[in-house]
Amino acid sequence: MVAVDPTWINGISYDGAELRRVQAMGVMSDGTALGARGGVLPGSGGLAVSVAGTAITVGSGTAWVYRSGQGVYGVSLNSGASATLNAAHATLPRIDLVYLRVWDNSVDASGLNTADAVYLPGTASSTPAAPTPAGTQIYLPLATISVPASGGGSPSVNNIVAKTVAAGGILPDPSAAGYYVGQYRDDGTGLQRYDGTAWGYVQPLGVGRVLWGRKTANTARASTITITADPHMSLSVVPGTYAIDAMVLYAGDSTNELRLGWIAPAGTTGAWWPDAQDPSAAGFAALPRWGAVTDIGTSMQQIGAIGTNNTLACRIVGTATVTTAGTLALAWAQSVSGATATTLFAHSHLRLQRVS
């Protein structure tokens, strides 16, 4: 057995490594016995990187910087930092890195005990990759900067700094690894819980939840009979059964008309019925579409149109049983390919309610 120094006992002297390792108990684990997840606090916006011309700016902020065996270093960059972007290569792109570095002489023999943001230019290449800080550096990546070849446009920034929370907190990270039963994360769609094997959604994505997609702009399609997902009526779904309710406002030439269908995750089954104008119907006749109930994803339905200046409505109802998470989208094209576009109008919508 090897005795150690417990904290908060009078008369005991502690070194930095001891305190940092104990301090890691207050930070989300990285799945190792003495580890921690470094990063900034969610919602703080701290240490954000931006580029204007050749000026790189790192905003102020605080972060935990983790180093294996050394615990977590708490860093507060009170006034931010700045650097100058290296000139672009004549013919090749590159990716640069901005990171938060801690100099700890007892660990890296740097002769320094401080912290600051560092700009590390990458190597120009036809297949560029972000550089990795060399040696024993203690650091937290903040952002990458994609620098196109000279004359190829402006550099772009990808802020990649990790988010961390207190032990047991909810990580806003869809790629966060699961380490223990009862761990939670937010994947941007809903709350997920780790059961020791896999992540699964909890009640916010459960029975009764309503998903809604409304067209915020018109979409026109011409010279195509291949259905593709509508850009506004595409919804992320998890396994379950959903009641479908949609309203489609549209107009098209009576020759080209409208073709409706679905794009769904593999294995999706169900049925649907579009209550709309029959194809090739001249005028506003009320012709019910009997028998237009088909399996989701296996067939399409042709819907009538009577001219590009005549807006019609189609009401769609149905059910979809999803077995694999993915996107369920109302998809459409023309029934007959033609240069006169068929248009789906703003305020059309798709509503899914999970029923089981």
Side-chain angles (χ1 to χ4, degrees), residues 170-178 183-217 219 221 224-250 258-276 289 291-303 314-335 342 344 347-356:
I170 300 172
L171 281 167
D173 181 355
S175 61
Q183 182 180 345
Y184 288 89
R185 73 181 185 188
D186 189 321
D187 72 345
T189 299
L191 186 64
Q192 294 181 319
R193 179 183 182 274
Y194 188 66
D195 64 5
T197 302
W199 291 96
Y201 288 101
V202 294
Q203 186 57 37
L205 282 185
V207 174
R209 180 171 184 184
V210 173
L211 304 175
W212 173 267
R214 180 181 69 88
K215 287 191 68 61
T216 57
T219 302
R221 291 175 179 170
T224 179
I225 59 171
T226 302
I227 65 168
T228 55
D230 186 88
H232 306 104
M233 292 186 284
S234 300
L235 300 173
S236 296
V237 291
V238 298
T241 297
Y242 297 83
I244 299 170
D245 188 0
M247 180 183 72
V248 176
L249 302 173
Y250 70 98
L258 174 65
R259 174 177 296 186
L260 292 175
W262 298 91
I263 292 176
T268 299
T269 58
W272 62 291
W273 177 62
D275 185 6
R289 291 189 49 74
V293 179
T294 57
D295 289 343
I296 292 286
T298 62
S299 62
M300 296 163 283
Q301 293 299 319
Q302 296 183 21
I303 304 299
C314 171
R315 178 72 180 274
I316 300 171
V317 294
T319 58
T321 298
V322 178
T323 57
T324 304
T327 299
L328 181 61
L330 183 64
W332 61 279
Q334 294 176 306
S335 288
T342 298
L344 261 61
H347 303 298
S348 299
H349 66 260
L350 170 62
R351 181 182 187 272
L352 302 177
Q353 181 170 13
R354 187 172 174 188
V355 296
S356 67

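The shortest distance between side-chain heavy atoms of L258 and L344 falls below 4.5 Å. Contact check for Y250 versus I303: side-chain heavy atoms found under the 4.5 Å cut-off. Between R259 and T342, every side-chain heavy-atom pair lies at or beyond the 4.5 Å cut-off.
Shortest non-hydrogen contact noted between Q192 and D187 is NE2-OD2, 3.6 Å. The two residues R221 and P231 have their closest heavy-atom pair at NH2-CD, 3.9 Å. Heavy-atom minimum distance, I244 versus A320: CD1-CB, 4.0 Å. Here the closest non-hydrogen pair linking S348 and L249 is OG-N, 2.8 Å. In terms of heavy-atom proximity, P239 sits nearest to A325 at CD-N, 4.0 Å. A176 and L171 get closest at one heavy-atom pair: CB-CD1, 4.0 Å.
With K215 as the partner, the side chain to side chain contact (heavy atoms under 4.5 Å, CB included) test is satisfied by one option alone out of M233, H347, M247: M233.
To the nearest 0.5 Å, atom OG of residue S335 and atom CG of residue L260 are 8.0 Å apart. The OH atom of Y242 sits 8.5 Å away from atom CG of L328, with the distance rounded to the nearest 0.5 Å. Interatomic distance, L330 CG to H349 NE2, rounded to the nearest 0.5 Å: 11.0 Å. Taken from CD1 in I263 to CD1 in I227, the straight-line distance is 5.5 Å, to the nearest 0.5 Å. Note that the CG atom of L235 and the CZ atom of R351 stand 11.5 Å from one another [nearest 0.5 Å]. For the atom pair C314 SG and D275 CG, the distance stands at 7.0 Å (nearest 0.5 Å).
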Inset, instruction - Take D245 and Q353 through the side-chain contact (heavy atoms from CB on, under 4.5 Å) test and state the conclusion after the steps. - result: CA-CA 8 Å; D245 188 0; Q353 181 170 13; over 6 Å; no
Inset, instruction - Start with the C-alpha gap between T268 and W262, add the side-chain angles, then the distance that decides, and say whether side-chain contact (heavy atoms from CB on, under 4.5 Å) holds. - result: CA-CA 10 Å; T268 299; W262 298 91; over 6 Å; no
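Residues passing the side chain to side chain contact (heavy atoms under 4.5 Å, CB included) test with Y184, sequence neighbours excluded: I170, L191, R193, V202. Judged as a ring pair (Phe, Tyr, Trp, His ring centres under 6.0 Å), and not counting sequence neighbours, H232 has no contacts.
Note on residues 317-329: pairs passing side chain to side chain donor-acceptor pair (under 3.5 Å), not counting sequence neighbours, are T241-T321.
Using bins of under 30°, 30° to 60° and over 60° for the plane-to-plane angle, the ring pair W199/Y194 lands in the tilted bin.
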